[in-house]
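Scroll down for the structure; my scribbles are underneath it.
One-based numbering, in listed order, for ligands and for the atoms of each. Quick note: numbers below take in every heavy atom, side chains included, and nothing from hydrogens, waters or symmetry partners.
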Amino acid sequence: MCGIVGYIGERDAAPILLDGLRRLEYRGYDSAGLAVMDRAGAVMVQRAAGKLGNLAQRVEAAHPQGDAGIGHTRWATHGPPIERNAHPHSSPDGAILVVQNGIVENFHDLRAELRAEGYVFLSDTDTEVIAHLIHRFYHNGCGGDLEWAMRCALARLHGPNAIVAMSKDQPRRLIAARLGHAGGVAAGERAGEAFLASDMPAILSHTDEIVHLESGQMAVVEPGRIRYSTLSGDAVERRPVSVAWTAAEADKGGYAFYMEKEIYEQAASLTAALRGHLDVENRRVELAALNLDAGKLAALRRVTILACGTSYYAGLIGKHYLERLAGVPVEVDYASEFRYRQPLVRSDDLAVAITQSGETADTLAAAELAKERGAATAAIVNVEGSQITRLCDGVIPMQAGPEIGVASTKAFTAALVDLLLLAIYIGQETGRLDAEQRGELIEALLALPGMAGALLDEARRSGRYARLAETFHTSRNFLYLGRGMHYAIAREGALKLKEITYIHAEGYPAGEMKHGPIALIDEEWPTVVVAPQDRVYDKMVSQVEQIKARRGKVLAVASEGDAYLAGAADYVLPIPAANEFILPILAVLPLQLFAYEIARRKGLDVDQPRNLAKSVTVE
Ligand code: AGP
């Protein structure tokens, strides 16, 4: 949830650390801090509550000098987001400085233990416990060896954590470590310099050769040289992998917000999602990295989809795809529930984890549990090299490029493409889907990016969503209704509105409306109905009638040329006619735009909504 960075080399560390933090700010943004160290071990620490801009002002005024340092952008877990809780935190003598992403679950016990030994705590954080623990071992038992003091301290911590530490006594060295599923630690080096960061965008402008630290590993980072080891001190060989993402992809590219860019680039990200997966001539889907042979697929008894948030809603649509096209029963579980409900898993199950970041703690734990209990596992994931890619037996990469906006958009549509590919693939390998049906679906998939591009171009040209935002930005509640696959789209649309506009919105199955929620409807409570012309269209039409009979306002995501909804609904959000499996991928686009434009109209920070962080690496 937090972002950590580290630099050591020949250049001024402060601007490099600030630039890295700017690129990681999506991970947490309630306070930030950095520590810069010169070659004599003199350290200057700057911290500030609030957004990164506050820290940047302080750094500009103070000009910290030094060519090594660590930085942090925080999403508060222990203690409010005020300056004294901002990282870095230091040992009592100020010699050891630490930044952390994660949670020290036994921090109350450790704090009591350290207090009894005379340690004084200046913050409410669990991070300060780590700094004090390292200090204790450094002076008692580890003979002034920071690396070993850190190993001893880490052995006392419970819970997932990623940590970077530095010491005034060893000014040409940073030490990073990772315990469990706590956000990533990416490391990269280039002539005379070395970089650390929670995520690749903070490093990409320096190098595209990156190592992702595994759980239980440590990196000792010196200028131009990184040494890897286990926490017990055994050397580990880690070869950097080349990353296909570029620094430019991770920039805003002239858009006001990352989210806006990510919405409008979906024609390209959908094209990329298909890359390497379609054999058009033979009407076949290729999923080489899934690592499941035809025999195993034929014996599949069940698919369990595990995910959180937006990725979970993609899973709800995946259930329709897989049951109808691959003929296999599917359960969709919130990863956070699955991991604690003693699930019944068998060796003929396939667990599919969907995760943009590949670092969501609940999704990692749920996939790990399914694997331990004998299921084959596969990840639908966007971030290359993320933990889930190493945990699962197979991977279907989203290939959507970096998604920085906290509200997920292009990763959702890429996940839907991957789920559709998976359903076609299983249908193809088991013989349940014939070549003609596959051919139709492949044609539909090939047409999808063009359709999405045309929809988005028209939306921009017409200014429709900015006008709708003008009308609805003062509404206090919304109901979103859909049926079948579009029930999941209704839930995703409501989530988008909630998380970036702070307007209450509920996504509901349209058929359940009459069992309660209809009581909410009046002139003040608008309803968004997702009602393209599909197999449940007639049912959605009756829903619209019932809302209108109660004087509710209706915004309808409707097929272009739908004369009935053009008359019955108050506003139409048009999408093109398409193959029924493609429709949900198009139907979500107007809802992303609607939420985005309302947030803009309200003057909100679209990319950094309050209380949220992009990667939820803690429970
Ligand atoms: C989406 O807009 C959210 N910010 C959030 O629900 C997100 O989808 C969820 O945290 C899962 O993330 P993941 O896909 O990276 O695992």
- Task: Give the atoms of ligand 1, by number and element, whose distance to some non-hydrogen atom of Lys496 is under 4.0 Å.
- Result: 1 (C), 2 (O)

- Message: If only side-chain N and O atoms count, and only distance matters, is there a donor-acceptor pair under 3.5 Å linking Ser242 with Asp208?
- Response: no

- The single option from Glu265, Gln356, Glu262 passing side chain to side chain donor-acceptor pair (under 3.5 Å) against Lys410: Glu265

- Got the closest protein heavy atom to atom 9 (C) of ligand 1, with its distance? Cys308 O, 3.7 Å

- Task: Tell me which protein heavy atom sits closest to atom 8 (O) of ligand 1, plus the residue, atom name and distance to 0.1 Å.
- Result: Thr310 N, 3.1 Å

- Item | Geometric cation-pi criterion Arg600 and Phe257, 6.0 Å radius, 45° cone | no

- Identify, by atom number and element, the atoms of ligand 1 in contact range of Ala407, meaning under 4.0 Å from any of its heavy atoms. 2 (O)

- Item | Residue part near ligand 1, for Glu499, under 4.0 Å between non-hydrogen atoms | side chain

- NZ/NE/NH1/NH2 to OD/OE distance under 4.0 Å, Asp349 and Arg373: no

- Item | Residue and atom name of the nearest protein heavy atom (relative to atom 16 (O) of ligand 1), distance in Å to one decimal | Thr360 OG1, 2.4 Å

- Nearest protein heavy atom to atom 15 (O) of ligand 1, by residue and atom, and its distance? Ser357 OG, 2.7 Å

- Query: Which atoms of ligand 1 have any heavy atom of Ser408 under 4.0 Å away?
  - Reply: 1 (C), 2 (O)

- Among Glu492, Gln266, Glu260, Glu597, side chain to side chain donor-acceptor pair (under 3.5 Å) partner for Gln592: Gln266

- Message: Students should be able to answer this: which protein heavy-atom is nearest to atom 10 (O) of ligand 1, and at what distance?
- Response: Val616 CG2, 4.0 Å

- Message: One thing to verify: whether Asp534 and Arg483 come together as a salt bridge, which I'm taking to mean a side-chain N less than 4.0 angstrom from a carboxylate O.
- Response: no

- Item | Enumerated ligand 1 atoms positioned under 4.0 Å from heavy atoms of Thr355 | 13 (P), 14 (O), 15 (O), 16 (O)

- Message: With a 4.0 Å cut-off on N to O distance, would you call Glu331 and Arg302 a salt bridge?
- Response: yes

- Message: Considering both backbone and side-chain atoms of Gly358, is one of its nitrogen or oxygen atoms within less than 3.5 Å of a nitrogen or oxygen in ligand 1?
- Response: no

- Task: May I ask you to decide if the ring planes of Phe472 and Tyr571 are parallel, tilted or perpendicular, using 30° and 60° as cut-offs?
- Result: perpendicular

- Close approach, Glu359 and ligand 1, non-hydrogen under 4.0 angstrom: no

- Message: With nothing but distance in play, are any N or O atoms of Thr363 less than 3.5 Å from an N or O of ligand 1?
- Response: no

- Task: Determine whether the aromatic ring centres of Phe594 and Phe478 lie less than 6.0 Å apart.
- Result: yes

